[in-house]
Amino acid sequence: MDVNEEVRAYVDAIPAEHRPLFDRVDRLVRQACPEASVGISYGMPTYRVGRRRLHLGVWSHGVSLYGWQPGRNADFAARHPELLSGKATLRIRPEDAAAIPDDELTELVAQALSP
């Protein structure tokens with residue numbers, strides 16, 4: 001997956017306390033969907049596979065995933081209702097992420113980007 005300069009600048013500007021979580025989610029997206037391209041959309045890195053989009057942004061307390069569809073992974077939302085913040089938005093604090101296994105996040109991002 002190529003990373004353009006806009007994405008690189010976004011990642012380089014992430015505060016140190018949120019960078020490990022961002023890197024973890026980024027790695028899981030890349031592993032689950034190696035065919036995904038990434039660019040900036042709505043001011044944040046956006047992974048694209050066909051018509052599917054998944055945005056990964058940083059907020060003051062962690063990272064957010066935008067664009068996943070609750071109907072596609074209702075099990076994740078049911079297991080982690082505390083992470084839901086509006087329609088198709090998950091806000092994940094580092095302390096919350098510590099309790100979520102990689103396979104759960106991988107399944108979430110894979111389903112978000114699958115046709």
Side-chain angles (χ1 to χ4, degrees):
M1 177 185 320
D2 283 334
V3 177
N4 66 36
E5 290 304 314
E6 286 182 301
V7 173
R8 195 173 323 278
Y10 183 96
V11 172
D12 289 346
I14 295 172
E17 66 268 20
H18 300 311
R19 183 68 188 266
L21 179 53
F22 180 93
D23 288 346
R24 176 185 173 200
V25 176
D26 174 70
R27 176 180 49 83
L28 295 174
V29 172
R30 291 170 186 263
Q31 288 173 350
C33 303
E35 72 279 19
S37 63
V38 64
I40 295 291
S41 182
Y42 297 104
M44 68 191 90
T46 301
Y47 304 88
R48 295 173 184 87
V49 175
R51 295 176 47 101
R52 299 274 181 205
R53 305 284 183 271
L54 182 66
H55 309 278
L56 175 60
V58 174
W59 62 296
S60 58
H61 299 290
V63 301
S64 293
L65 288 168
Y66 306 92
W68 68 283
Q69 297 182 3
R72 298 193 89 185
N73 200 331
D75 291 345
F76 185 91
R79 284 191 304 274
H80 304 286
E82 73 282 3
L83 303 179
L84 298 175
S85 176
K87 184 178 179 183
T89 301
L90 293 173
R91 287 192 164 189
I92 306 172
R93 298 170 191 264
E95 58 271 17
D96 297 328
I100 302 172
D102 281 357
D103 61 335
E104 280 192 57
L105 287 172
T106 299
E107 182 181 356
L108 174 73
V109 300
Q111 287 182 355
L113 291 170
S114 69

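Sequential numbering from 1 along the given sequence is applied to the chain's residues. When reading the values below, keep in mind they use all heavy atoms of this one structure, side chains included, and skip hydrogens, waters and symmetry mates.
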Point-to-point distance, once rounded to the nearest 0.5 Å, from [atom1] of [X] to [atom2] of [Y]:
X	Y	atom1	atom2	answer
L108	D75	CG	CG	11.0 Å
L90	L56	CG	CG	11.0 Å
R93	H18	CZ	NE2	9.5 Å
I100	I92	CD1	CD1	5.0 Å
S41	L54	OG	CG	11.5 Å
S37	R48	OG	CZ	5.5 Å

Report task. List the steps, then state whether salt bridge (charged side-chain N to carboxylate O under 4.0 Å, His left out) holds for D26 with R30. Result -> CA-CA 6 Å; D26 174 70; R30 291 170 186 263; 2.8 Å; yes
For [X] against [Y], the heavy-atom pair lying closest together:
X	Y	result
P94	G62	CD-CA, 4.1 Å
S64	W59	OG-CD1, 3.2 Å
C33	A110	SG-CA, 4.1 Å
N4	G39	ND2-CA, 3.8 Å
P45	F22	CG-CZ, 4.0 Å

Quick one: does [X]'s side chain get under 4.5 Å of [Y]'s, heavy atoms only?
X	Y	value
V58	P15	yes
F76	E107	no
L113	V29	yes
E35	V49	yes

E104 and R79: side chain to side chain contact (heavy atoms under 4.5 Å, CB included), yes or no, with the steps?
-> CA-CA 10 Å; E104 280 192 57; R79 284 191 304 274; 3.0 Å; yes
Just say parallel, tilted or perpendicular for the rings of Y42 and H55, cut-offs at 30° and 60°.
-> perpendicular
**Prompt:** Where do D96 and L83 land on the side chain to side chain contact (heavy atoms under 4.5 Å, CB included) test, with the steps shown first?
**Reply:** CA-CA 8 Å; D96 297 328; L83 303 179; 3.7 Å; yes
Subject >> Audit row: R27, D102, salt bridge (charged side-chain N to carboxylate O under 4.0 Å, His left out) steps and yes/no >> reply: CA-CA 10 Å; R27 176 180 49 83; D102 281 357; 3.5 Å; yes
**Q.** Test item: T46 side-chain N/O and M44 main-chain N/O as donor-acceptor pair under 3.5 Å
**A.** yes
Please check if the side chain of R19 supplies one atom and the backbone of D12 the other of a donor-acceptor pair under 3.5 Å. no
Chi angles and distances behind the side chain to side chain contact (heavy atoms under 4.5 Å, CB included) call for Y47, R53: CA-CA 6 Å; Y47 304 88; R53 305 284 183 271; over 6 Å; no
